[in-house]
2 protein chains.
Amino acid sequence: MNDGGSGGGRPKRADARRNEESLLEAAAALFVTSGVAVPVREVAARAGVGTATIYRHFPTRADLIIAVYRHQVEACAEAGPALLASAPTPYVALERWIDRFVDFLVTKHGLADVLRSDNAGFEALHAHFLDRLVPVCAQLLAAAAESGEIRSDVEALQLMRGVGNLCIGADDDPRYDARRLVALLVAGLRHTAR
Amino acid sequence: MNDGGSGGGRPKRADARRNEESLLEAAAALFVTSGVAVPVREVAARAGVGTATIYRHFPTRADLIIAVYRHQVEACAEAGPALLASAPTPYVALERWIDRFVDFLVTKHGLADVLRSDNAGFEALHAHFLDRLVPVCAQLLAAAAESGEIRSDVEALQLMRGVGNLCIGADDDPRYDARRLVALLVAGLRHTAR
DNA sequence: GAGCAACCGGAACACCGTCCCGTTTGACGA
DNA sequence: TCGTCAAACGGGACGGTGTTCCGGTTGCTC
């Protein structure tokens with residue numbers, strides 16, 4: 001999104017890059033304490049910039065969220081093939097990868113809440129996250145299907161959205177165990193006992 | 001909540017009852033077209049009353065939603081025992097009842113979106129809906145567990161919330177099939193093939 | 001028909017996201 | 001080193017939404 005200044009065509013101004021960094025830092029901190037829906041003004045205030053600046057760097061809230069969690073999503077995506085290689089069976093790899101994805105969602109207050117919506121301007125967020133992760137999930141699903149462990153008529157996108165939805169509200173109600181329900185959902189993929 | 005006037009202690013004034021009716025009617029209509037998150041002013045305007053009036057009758061949005069859907073929730077609750085009696089096995093009854101619950105959620109735009117939140121003032125809504133439906137669900141679960149069809153370590157509250165969550169955003173994305181995922185979740189309750 | 005309390009409507013307030021405009025400041029060439 | 005100018009900035013203005021307050025109105029009762 002930005003370039004350090006070495007190669008590119010039109011390097012950003014130094015203060016602009018500094019502000020972008022400040023905003024990312026402030027957002028990351030506030031996301032932890034107040035959730036991803038924290039008011040724009042708060043992020044701007046904490047970063048020591050004006051409200052307009054945040055829009056200049058991150059036109060929508062989704063852009064900010066993407067930027068903050070980009071590397072974590074990347075790590076999750078890369079974990080897919082690794083798990084497939086290391087786990088005893090593809091199904092186990094799928095289980096573990098989904099578990100990791102759940103971890104990612106649950107530890108970010110309210111991330112799942114916002115991941116769901118298509119209607120808002122969150123399509124960008126949706127697009128980025130899913131574009132990166134759905135293929136990984138699809139690979140795991142295909143492997144597990146081919147090994148005969150699970151049914152083959154469920155698409156990765158569906159599964160991911162289902163998992164995402166199940167994680168909504170997971171962190172503000174101790175009686176609700178998202179991980180448990182996700183495990184149930186994944187178990188539902190297996191061929192039923194008959 | 002109100003009394004027609006026959007039995008009770010302190011009958012409401014006629015205009016108040018008229019307004020409450022108007023509000024319910026307006027809300028029901030707008031919920032269908034604009035979802036349950038329709039602005040308060042719109043409901044008030046359509047009912048031909050002031051904004052304060054809506055707060056007088058329904059202090060929170062949850063109260064309004066409860067009032068609008070009260071009889072449908074009731075019908076759903078009553079369907080539980082009926083299905084248990086008519087279905088071939090308790091598990092099938094559970095399947096059908098859950099399906100009915102999903103119908104209820106999906107046909108109301110955005111109802112599930114709001115059903116999830118504990119943080120807001122939606123606890124009342126949560127409380128009412130769940131208080132009424134969880135016991136029914138628990139009964140079905142217990143019956144299916146006793147007949148040996150499903151595992152017995154999943155609580156009704158968990159299942160209901162999971163189903164509710166899976167229904168979020170079901171009506172604004174044709175590629176997302178909540179019913180399908182819920183079926184998967186319910187299938188996950190069965191004992192795994194080994 | 002009069003009095004009173006319940007009730008009403010709309011304006012006022014608070015909060016949030018978004019956009020605009022006058023000002024500042026970093027980068028670069030002279 | 002210094003002047004120039006576009007990029008970037010900040011804070012305030014705007015529109016929309018939920019919530020509350022207050023003066024006026026209206027139904028009920030005696």
Side-chain angles (χ1 to χ4, degrees), chain A residues 1-6 8-24 26-27 30-31 34-65 110 113-114 117 119-125, chain B residues 1-6 8-24 26-27 30-31 34-65 110 113-114 117 119-125:
Chain A
M1 190 168 274
N2 66 7
D3 43 81
S6 57
R10 27 140 230 264
K12 274 186 174 177
R13 255 170 56 169
D15 56 343
R17 234 171 325 124
R18 222 179 314 134
N19 278 335
E20 189 171 319
E21 186 113 356
S22 298
L23 280 169
L24 279 177
L30 288 174
F31 283 1
S34 310
V36 294
V38 62
V40 176
R41 279 170 175 77
E42 270 184 52
V43 179
R46 171 148 185 157
V49 303
T51 53
T53 300
I54 203 171
Y55 283 98
R56 233 168 268 123
H57 288 285
F58 308 101
T60 75
R61 180 180 297 273
D63 295 316
L64 181 58
I65 296 175
D113 298 35
V114 88
S117 85
N119 39 20
F122 293 109
E123 284 185 30
L125 187 148
Chain B
M1 190 168 273
N2 66 6
D3 43 82
S6 55
R10 28 144 230 259
K12 272 186 173 177
R13 252 169 59 168
D15 55 345
R17 229 169 333 120
R18 221 179 314 134
N19 278 335
E20 188 171 319
E21 186 111 358
S22 297
L23 280 170
L24 279 177
L30 287 175
F31 283 0
S34 311
V36 295
V38 62
V40 177
R41 280 171 175 77
E42 270 184 51
V43 179
R46 170 148 186 157
V49 303
T51 54
T53 301
I54 202 172
Y55 283 98
R56 234 167 267 123
H57 289 284
F58 308 101
T60 76
R61 180 180 298 273
D63 294 315
L64 181 58
I65 297 174
D113 299 53
V114 90
S117 85
N119 39 21
F122 293 110
E123 285 184 29
L125 187 149

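In this text the structure is predicted, and so the values were computed from the model without any measurement. Sequence lines set the chain letters: A, B, ... in the order given, protein chains first and strands last, and positions in each chain run from 1.
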In sequence, state the C-alpha distance, the side-chain angles, and the governing distance for A:T53 and A:R56, and then conclude on side-chain contact (heavy atoms from CB on, under 4.5 Å). CA-CA 5 Å; A:T53 300; A:R56 233 168 268 123; 3.4 Å; yes
Go through the steps to decide whether A:L24 and A:L64 satisfy the test side-chain contact (heavy atoms from CB on, under 4.5 Å), and finish with yes or no. CA-CA 7 Å; A:L24 279 177; A:L64 181 58; 4.3 Å; yes
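A:E42 CD: more than 12 foreign heavy atoms inside a 6.0 Å radius.
The CD atom of B:E20 sits 15 Å away from the C1' atom of C:dA6 (whole-angstrom rounding). The separation between A:H57 atom NE2 and D:dA8 atom C1' is 8 Å, rounded to whole Å. If you measure from atom CD1 of B:I54 to atom C1' of D:dT17, you get 13 Å, rounded to the nearest angstrom. Spacing between atom CG of B:D15 and atom C1' of C:dG9 amounts to 13 Å, rounded to whole angstrom units. Look at CG on B:L64: it is 15 Å from C1' on D:dT19, rounded to the nearest Å. Summarising the geometry, the separation between NZ on A:K12 and P on C:dC28 is reported as 16 Å, rounded to the nearest angstrom. When the C1' atom of D:dA7 is taken as reference, atom CZ of A:R13 falls 5 Å away, rounded to whole Å. Nucleotide D:dA8 holds its C1' atom 13 Å from the CG atom of A:L23, rounded to whole Å.
Residues B:V40 and B:R61 meet the side-chain proximity criterion, which asks for heavy atoms closer than 4.5 Å.
The distance from the CD1 atom of B:I54 to the CZ atom of B:R41 is 11.0 Å, given to the nearest 0.5 Å.
Side-chain nitrogen and oxygen atoms of A:N19 include at least one within less than 4.0 Å of the OP1 or OP2 phosphate oxygen of D:dC9.
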Using a 4.0 Å heavy-atom cut-off, write out nucleotides 11-21 of chain C from 5' to 3' as B (base contacted by protein), S (sugar-phosphate only) or - (no contact). BB---SBBBB-
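Judged by distance alone, the side chain of A:N19 and the main-chain N or O of A:A16 form no donor-acceptor pair under 3.5 Å.
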